Amino acid sequence: MNSIALNSLARLMCFPPGKFVRVNSFLCPPSTRKLSLPIFPGNEHAIRSLCSSPSLDIPTLTELVSNQHYSELKARLRASRSNPAAVLRQMLDSGSDPELTLRYFKWSRDELKLSHTLELTFGLSHSLASAKKYSKMRSFLDEFVRVSDGNTVSSIFHSISNCGGGFCNGSIIVDMLVWAYAKNGKTQLGFEAFKRAGDYGYKLSIISCNPLMSNLAKDGAVGDLEFVYKEMIRRRIKINVVSFNTVISGLCQARKLNKACDVVDDMKACGVSPNVVTYNALIDGHCKSGGLSRMYKADAILKEMVDSKICPNEITYNILIDGYCKDENVAAANKVFEEMQRQGLKPTLVTYNSLINGLCNSGEISKAVSLQDQMSSSGLKPNIITYNVLIHGFGKNDMFKEAREMLDVIEKEGLVPNVITFNILVDACCNSGKIEEAFLIHASMASKGVLPDVSTYNSLITGLCREGKLDKAEKLFEEMKDNSLKPNVVTYNILIGSLCKKRESRKARRLLDRMVKIGLSPNHVTFDTLMDGYCLEGNLRAALKVRELMQKEGLRANIATFNVLIKGFCKQGKMEDANSLLNEMLQRGVVPNRTTYDIIREEMVEKGFVPDIDGHMYNVSG
DNA sequence: GTAGGGTTAG
């Protein structure tokens with residue numbers, strides 16, 4: 001009998017902490033982890049007597065678990081008065097097969113409703129890691145992350161580093177832990193664990209870091225994303241093309257194109273070549289950048305891509321087609337559509353959806369419908385997005401009958417209308433003054449298994465406000481809360497706008513204070529709307545005060561802000577002030593748009609000036 | 001240990 005076996009025996013007795021067992025005049029605290037009884041003549045007797053007690057020895061225990069004789073295991077545990085948690089500790093210490101220990105862990109947790117300590121959880125993880133049972137370990141930690149809510153990352157790390165097992169295995173455990181957090185959408189915990197791994201010196205891998213960065217990118221947490229990326233480089237974690245692409249796409253989605261380009265330079269410097277995914281992310285970033293020459297730049301990247309011998313794929317073309325459609329250039333989108341097919345690529349469902357959307361938005365409904373036919377005959381089944389796009393198109397073109405009929409088509413095709421489908425319909429009705437019908441659709445939603453969301457209410461409130469039924473709108477605003485829906489910034493903006501139109505800017509201002517109080521951040525539209533309201537009442541001082549407030553919130557005056565203020569000053573005949581605002585915006589690099597000039601021209605014309613062909617003003621009255 | 005990146009609707 002060696003010291004491990006002795007250790008096992010003492011543990012199996014499961015004495016409560018603080019009591020000591022007397023074995024041949026040796027006092028041995030049973031809760032000491034590294035307990036070992038010295039073996040010398042006379043000791044064997046005591047050991048034998050321990051073995052013959054009704055307790056559960058390790059071989060019997062592992063055999064019962066191995067054969068899944070759980071009822072007997074339960075009976076034996078009871079008969080021997082063993083503490084099931086201590087038995088688990090014992091299995092770990094005795095070097096039992098970790099898979100059987102894992103089985104016992106789960107059984108005692110589920111059957112005996114035992115909640116095992118972090119120390120045991122990570123002791124088992126270490127044991128699985130030592131036996132290289134990595135897939136078992138992965139699912140074990142995955143499960144742990146899904147069910148454990150109360151544990152802090154700090155206490156988890158404490159257990160991992162303190163429950164024995166090597167440092168290398170610690171790294172693998174932490175890596176899988178971060179991976180599990182990411183996989184289960186617990187991104188913040190994953191991020192915290194990532195940071196703490198650095199403090200402890202545990203080495204992570206792309207297996208956990210890539211999914212973590214992917215989540216951070218999806219959440220729009222670009223600051224944290226950049227932190228992880230830079231830390232990975234600093235900690236010398238080997239980065240691959242997916243890591244770079246994740247960072248690049250995250251930055252592109254956050255409209256940080258310059259930083260995205262820097263990362264492209266980083267990857268080239270690391271000897272990693274950009275691939276089709278890299279280019280797709282960059283092209284999409286430019287398409288959605290909102291800049292005037294965005295499609296020109298997107299096209300330039302496409303050329304660079306081809307020059308680098310990277311072949312554009314379906315997704316590349318889809319991005320470009322959608323980009324041109326959003327740029328209100330369906331003709332260019334069509335050219336890309338044809339080019340795509342010339343290159344031997346088949347248009348996908350996304351291709352058709354984007355093009356149909358482009359056609360609908362440019363009022364070419366019949367072309368959109370025939371493209372949908374073409375799509376169906378090429379063997380592609382429309383999805384709910386296709387139908388939503390068409391319903392939107394019909395609604396915008398006053399084709400309500402067709403829009404409503406689409407609901408039946410959707411169901412006939414075995415598809416399910418979603419909240420967006422209904423919102424499009426409600427919005428279409430509200431925009432054309434069919435407010436009663438909008439409410440009928442709203443009321444029918446629940447029976448179709450779709451619950452209205454904040455957007456549904458925002459459309460209805462807009463509709464009511466437009467008809468001047470502000471009291472009903474406010475009632476609906478209160479009703480939202482009863483349906484556990486929180487009004488958002490848009491809801492407040494609608495109501496603020498409506499109050500402003502009624503020349504109740506002070507009341508609108510109080511609504512702004514209320515939204516701040518409940519933790520909602522006003523956006524540009526909020527401030528611009530309120531400024532517009534004060535301007536309408538001729539209260540330019542109040543309008544300028546709102547601008548100050550906006551700047552305090554970290555929002556800078558943009559083109560919309562300047563247009564509101566310039567209009568306000570023009571209407572009051574304060575052309576000099578309007579002019580200095582125009583100068584200010586130019587100084588700040590805000591480019592005046594058509595609206596800016598229209599506002600000024602309108603005022604000038606009213607004052608008896610006529611514009612010449614170049615837009616210069618000449619006074620004809622004096 | 002074997003994971004992870006790019007496109008469409010209000």
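Sequence lines set the chain letters: A, B, ... in the order given, protein chains first and strands last, and positions in each chain run from 1. Note that the coordinates shown come from a computational prediction; the quantities given were computed from them, not determined experimentally.
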Rounded to whole angstrom units, what separation is found between the CG atom of L355(A) and the P atom of dT7(B)?
-> 18 Å
Side chain N275(A) and base dG5(B) donor-acceptor under 3.5 Å = yes
Is N313(A) side chain donor-acceptor paired with the dG6(B) base, going by distance under 3.5 Å alone?
-> yes
Given atom CD1 of I319(A) and atom P of dT8(B), what is their separation to the nearest angstrom?
-> 8 Å
Given dT8(B), dA3(B), dG6(B), the nucleotide with the shortest approach to the side chain of N353(A) | dT8(B)
Please determine if a side-chain N or O atom of S214(A) lies less than 4.0 Å away from the OP1 or OP2 oxygen of dG5(B).
-> yes
Using atom CD1 of I310(A) as one end and atom C1' of dG6(B) as the other, report the distance to the nearest whole Å.
-> 13 Å
Within the structure shown, what part of the strands sits under 4.0 Å from M137(A) by heavy-atom distance: base, sugar-phosphate, or nothing?
-> nothing
base_contact_polar (dG5(B) base, N280(A) side chain, donor-acceptor, <3.5 Å) | no
So does H524(A) have more than 12 non-hydrogen atoms from other groups sitting under 6.0 Å from NE2?
-> yes
How long is the line joining CG of N357(A) and C1' of dT7(B), in whole Å?
-> 13 Å
Determine, stepwise, if the pair D408(A) / K412(A) fulfils salt bridge (Lys or Arg N to Asp or Glu O under 4.0 Å).
-> CA-CA 6 Å; D408(A) 301 327; K412(A) 218 169 66 192; over 6 Å; no
Do the non-hydrogen side-chain atoms of C270(A) and I239(A) ever get within less than 4.5 Å of each other?
-> no
Separation of L282(A) atom CG from dG5(B) atom C1', in whole Å?
-> 12 Å
OP1 or OP2 of dT8(B) sitting under 4.0 Å from any side-chain N/O of Q372(A)?
-> no
S205(A) near the nucleic acid: base, sugar-phosphate alone, or nothing, with a heavy-atom cut-off under 4.0 Å?
-> base
Quick note, I206(A) side chain, CB onward, closest among dA3(B), dG5(B), dG6(B) is dA3(B)
Give a yes or no answer on whether the side chain of S208(A) reaches the backbone of L204(A) with a donor-acceptor pair at less than 3.5 Å.
-> no
Out of dA3(B), dT8(B), dG5(B), whichever nucleotide has its closest atom nearest the side chain of V277(A) | dG5(B)
Ignoring hydrogens and angles, answer whether the base of dA9(B) and the side-chain atoms of N418(A) contain a donor-acceptor pair closer than 3.5 Å.
-> yes
At under 4.0 Å between heavy atoms, what does I315(A) touch on the DNA or RNA strands: base, sugar-phosphate, or nothing?
-> base
Pick base, sugar-phosphate or nothing for D453(A), based on heavy-atom distances below 4.0 Å to the nucleic acid.
-> base
Between dA9(B), dT2(B), dT8(B), which nucleotide has the shortest distance from any of its atoms to the side chain of N383(A)?
-> dT8(B)
Scan V247(A) against the nucleic acid and name what it touches under 4.0 Å (heavy atoms): base, sugar-phosphate only, or nothing.
-> nothing
To the nearest angstrom, how far is M213(A) atom CE from dG6(B) atom P?
-> 12 Å
Between CG of L225(A) and P of dG5(B) the distance, given in whole Å, is 12 Å
Is the closest side-chain donor-acceptor distance between T386(A) and N353(A) under 3.5 Å?
-> yes
Within the structure shown, what part of the strands sits under 4.0 Å from K396(A) by heavy-atom distance: base, sugar-phosphate, or nothing?
-> nothing
Step by step, would you call F122(A) with F144(A) a ring pair (Phe, Tyr, Trp, His ring centres under 6.0 Å)?
-> CA-CA 10 Å; F122(A) 290 104; F144(A) 166 76; 5.3 Å; yes
Sugar-phosphate only, base, or nothing, as touched by I420(A) at under 4.0 Å among non-hydrogen atoms = base
So, is K288(A) near the phosphate of dG6(B), with a side-chain N or O under 4.0 Å from OP1 or OP2?
-> no
Ignoring the backbone of S249(A), work out which of dT7(B), dA3(B), dG5(B) is nearest its side chain.
-> dG5(B)
Roughly, in whole Å, what's the span from CD in Q253(A) to P in dG5(B)?
-> 11 Å
Identified side chain to side chain contact (heavy atoms under 4.5 Å, CB included) partner of Y492(A) from the options L520(A), N458(A), V525(A), T526(A) = L520(A)
Scan S354(A) against the nucleic acid and name what it touches under 4.0 Å (heavy atoms): base, sugar-phosphate only, or nothing.
-> sugar-phosphate
Which is true for K326(A) with a 4.0 Å heavy-atom rule: it touches a base, it touches only sugar-phosphate, or it touches nothing?
-> sugar-phosphate
